[in-house]
Amino acid sequence: MMEKTKSPEESRKLLDKITFDLTRSIVKRDELTHFWYFILVMFAAVGLWGWGIQIRDGLGVTGMRDYVSWGMYIANFVFFVAVSLIGFLISSSLQLLKISWSKPISRVAEQIAIAAVALAGIIIVMDMGRPDRFLNVFLHGRFASPIIWDVTVVTTYLTISVLLYYIPLIPDLALLRDRGGDDIPKWKMQVYKILSLGWKGNDKQYKLVAHSMRVLMILILPVGLSIHTVTSWLFAATLRSGWDTTIFGPYFVAGAFVAGAAAVVILMYAYRVRYRLGDYFEELHFDYMGKLLVFVCLVYLYFNINEFWVPAYKMKTAEGIHLRTLFTGSYAPMFWSAQMLGLILPILLMLFPFFRKPLPLTIISVFVLIASWLKRYIIVVPTLEHPFLPVQNVPDYFKHYSPTSIEIMITIFSFMAALLIITVLAKMFPVITIWEYAEEKGIDKEILAEPKK
Amino acid sequence: MKIKLLVVAILFLAQQGMAQEWLVPEDQKNIENPSEYNLANVKKGKDLYLLNCKSCHGDAGKNNGLPLVPPPPDVTSDQMQANTEGELFYKITHGRGGMPQFETTLSEDDRWRLVNYIRNYSPDTEALLVEEPPKKAKVLASVNEAERVVEVFAEYQNKDSVYVALAETPITIGAQKAFGILPIGEVLTNNEGRAEYAIPETLIGDEQGMVTLVIDLGEGFITEDVVLDASKVGQPKPTPVLIKEEVLWSTNDNIQTWLLLSYLAAVLGAWGTIGYVVFQIFKISRAGKEE
C-alpha cells in the first residue's frame with residue numbers, strides 16, 4: 001500500500017535510514033564473510049577438480065552406463081531450471097497483478113533466477129563427454145530436437161533474467177553513486193558509476209525504466225513457461241514409462257514454483273538475519289510467502305495425484321514395474337520421504353500461522369527444497385533403469401545406477417557456484433530495490449535525486 | 001581372454017583332427033554312388049563345391065586351402081583321393097571338428113554330386129571336366145540408345161595366334177549398380193561373332209534413367225569387361241519419398257515447415273523484444289545527457 005507523500009525533512013531522514021540499512025550487505029565485511037567465501041570457493045574448486053578428472057578420463061568416471069545415461073547431472077539440471085522459475089512467478093506474475101507485498105522480494109527472486117539458470121547451463125556442459133564440442137549444438141543442432149529448444153530457451157531466459165535484474169537496479173546504482181557512504185570501497189563506487197549510465201532521475205528516465213520492465217515482465221511469461229515446459233518435453237517426448245505423460249509440462253511448472261518459493265524463503269531469511277533487514281523482510285512477507293508456498297504445494301500435489309493415480313489404476317505392464325519400484329521397491333524410501341516430508345507434511349503445517357513465522361517457515365522450506373531435489377532424481381533415474389529393450393545378458397551395473405564421488409563433487413560444485421553468484425550479487429548490489437521501496441514509503445523522487453550533503 | 005579362448009579352441013580342434021584317424025563305419029564305406037558319373041553331374045558338383053567347400057579347401061590342384069589345423073586337403077591330393085566314394089559321402093554328411101556337416105544343408109543328391117566332382121580328379125577315372133587354358137579375346141560393344149539395343153562383336157585368339165570371330169558363345173550383359181554388377185541378360189554370338197541384345201523396358205537407371213552397361217565374356221577368356229558409361233536406356237529411378245518429405249525425426253533438410261517456422265517465430269519474437277529493451281537502456285542513458 002502506497003503511503004502518503006512525506007515532508008522533505010521526514011523523507012530525507014527516512015531515505016538515509018533505508019540507504020544505510022540496505023547498503024549494509026555491501027559494506028559489511030567481517031570474518032564470517034571471509035569464511036563464507038572460503039567455504040564456497042574451496043568446495044567449488046574441489047568440484048572443478050572433479051570435473052578435470054572427468055574431462056581427462058571421460059564419462060566412465062561417472063555411474064552412468066548404457067541404460068542409465070542420464071544420472072545425477074540431469075536431475076540436478078532439472079532442479080536448477082525449476083528453482084530459476086521463481087523469477088517468473090514473483091518478479092513478473094505477482095508484479096503484473098500489482099500485489100504490492102511482493103515488491104521487496106522481487107530482487108531476491110531475480111538473484112535466485114539468475115544464479116540457478118546460469119548453473120543449469122553450466123551443468124549441461126559438465127554432463128557432456130566432450131565439452132569442447134559444445135558449439136556444435138548451435139552450429140549443427142536439429143531444429144526438431146527438444147534439446148535445441150531447451151538450449152535456446154535457457155539462454156533466452158538467462159538474458160531476460162539479467163535484464164530484469166539490471167534495469168530496476170539502474171536508479172539504485174545512481175543513488176549509491178550519489179549518496180553512498182565513505183565505507184563503500186572505491187572500486188565498487190566506480191562500478192556503480194559505470195553501470196548507472198549517467199542516471200539523473202528525470203521523468204523521461206523513470207518512464208523508460210517502467211516501460212522496459214513492463215515489456216520484460218510480459219516477455220518473461222511465455223519464456224518462463226517455455227523453459228520448464230521444454231525441459232519436461234525432454235522426458236515427455238519419449239515413450240518411456242514414467243515420462244510418457246501429457247501432464248509433464250504443467251507438472252514440472254508447478255513443481256518449479258514449489259522449489260523456487262522455498263529457495264526464496266530461505267534466502268529472505270538469510271538476508272533478514274545476516275544483514276539485519278527485519279524491517280524490510282517482515283513477518284508479513286514470510287506469512288504471505290508461506291501462504292504462496294501452501295498454494296503452489298497444493299497445485300503440485302494435485303498434479304502428483306494425477307501423475308501417479310491414473311497409471312496406478314491401470315497398471316499397464318511397463319508402468320506397473322515403474323510404479324512398483326517407486327511405491328514399494330528400491331526407490332520407495334526416497335519416494336515416500338520426498339512426498340511426505342517435502343509435500344504433504346509442509347502443506348499441513350503451513351496451514352497454521354505459527355509455521356508461517358520466519359524461522360519455522362525457513363526450516364520447512366529447507367525440507368521442501370531438499371525434497372524437490374530428490375523428486376528430480378526420482379523422475380530421471382528409475383525410468384532409465386527400466387528400458388523397454390529386453391534386458392538380457394547385460395552386466396548388472398548397466399541396470400542399476402548410483403552416482404560416483406566425482407558426480408557428487410561436481411554436483412556440490414553447482415550448489416557452491418550458485419551460492420557464490422548470489423553472494424556476489426548481494427555483496428555488490430542492494431538486495432531490495434531502494435527507489436521502489438522509498439516510493440512506497442512516500443518519499444518524493446526529487447529527494448532521491450538529491451546529492452549527498 | 002580372447003587369445004586364451006582361441007588357443008584352447010585350436011588345441012581342441014588339433015587334438016580331434018590329428019590324434020586319431022577319421023574312421024568311417026564299415027557298412028558306410030562301400031555304399032554305391034547312386035548318381036551317375038557324367039559331365040552334367042560333375043558340373044553341378046563343381047558349382048556346389050565353389051559355393052560350399054572352396055572357402056576352406058581352395059581351388060582344385062592349387063593347394064591353396066585355409067591354413068587351419070588340421071589343414072583342409074586339396075581336392076586333387078592323395079589324402080582326399082584315397083577315400084572311397086562311400087567314405088567321402090559319409091565325411092561330407094557328418095563332418096568332424098573344423099569340417100562342418102552338410103546333412104542339413106545339402107540334399108543327398110547334391111552330396112553325391114560333390115563326390116562325383118571329387119572323382120573327376122581321381123587318377124583312376126577319366127576326367128570329364130577338361131579345363132582348357134583361357135584364351136585371349138577381344139570384345140567390342142556399343143549401345144544404340146534409340147533402339148535400345150546393345151551390339152557386340154567378339155573375337156578370340158586361335159591356336160595360330162590369329163584373332164577370329166568368336167561364334168556361338170554366351171555373352172553376359174549386366175548393369176552397374178551401387179553394390180556390384182546386376183546381370184540383366186545373356187545373348188549368344190552368331191557365326192560372325194556378332195550379337196544383338198535388346199535391353200528390357202523395365203530396366204531401371206539412375207534419377208535420369210542413365211545406365212552403365214557391362215559386357216562380360218565369362219570364364220575361359222582373357223579379356224577386360226567392356227563398360228559402356230551412362231547410356232540413356234533405363235527408366236528414371238523412382239525417388240524414395242520417405243527421405244524427401246518433411247518428417248519429425250530427421251535432419252534439418254527434412255524439417256517440417258510448421259516446426260521450423262514456429263521455432264524461428266518464437267526465437268525472433270523473444271530476441272526481438274530483448275533487442276528492443278536493450279535499445280531502451282540506450283535511451284535511458286541518452287535521456288540522462290539531456291537538459
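Here the structure is a predicted model, which is why all the values come from computation and not from measurement. The chains referred to below are lettered A, B, ... by the order of the sequence lines, with proteins before strands, and numbering in each begins at 1.
Looking at B:L259, only its side chain comes within 4.5 Å of chain A, counting heavy atoms on both sides. Only the side chain of B:I255 comes within contact range of chain A, judged by heavy atoms closer than 4.5 Å. If you measure heavy-atom distances from B:I281 to chain A, the contacts under 4.5 Å come from both the backbone and the side chain. A:Y206 does not touch chain B: none of its heavy atoms, backbone or side chain, sits under 4.5 Å away.
Taking chain B as the reference chain and counting heavy-atom pairs below 4.5 Å, the highest number among A:I167, A:L208, A:V153, A:L197 is found for A:L208. In terms of heavy-atom pairs under 4.5 angstrom with chain B, the leader among A:W149, A:W199, A:Y166, A:F143 is A:F143. Between chain A and the options B:V278, B:V267, B:V277, B:L260, the largest number of non-hydrogen pairs under 4.5 Å is found for B:V277.
Looking only at atom types and distance, the side chain of A:S91 has a donor-acceptor partner in the side chain of A:E110 under 3.5 Å away. Remark: the A:R240 side chain and the A:T383 side chain contain no N/O donor-acceptor pair separated by less than 3.5 Å. Checking B:T93 against B:R111 by side-chain atom types alone, a donor-acceptor pair falls below 3.5 Å.
A 6.0 Å sphere centred on NZ of B:K177 holds more than 12 heavy atoms belonging to other residues, nucleotides or ligands. Residue-environment remark: CZ (B:F282) stays at or below the threshold of 12 foreign heavy atoms within 6.0 Å. With a 6.0 Å radius and a threshold of 12 heavy atoms from other residues, nucleotides or ligands, A:I147 has its CD1 atom at or below the threshold.
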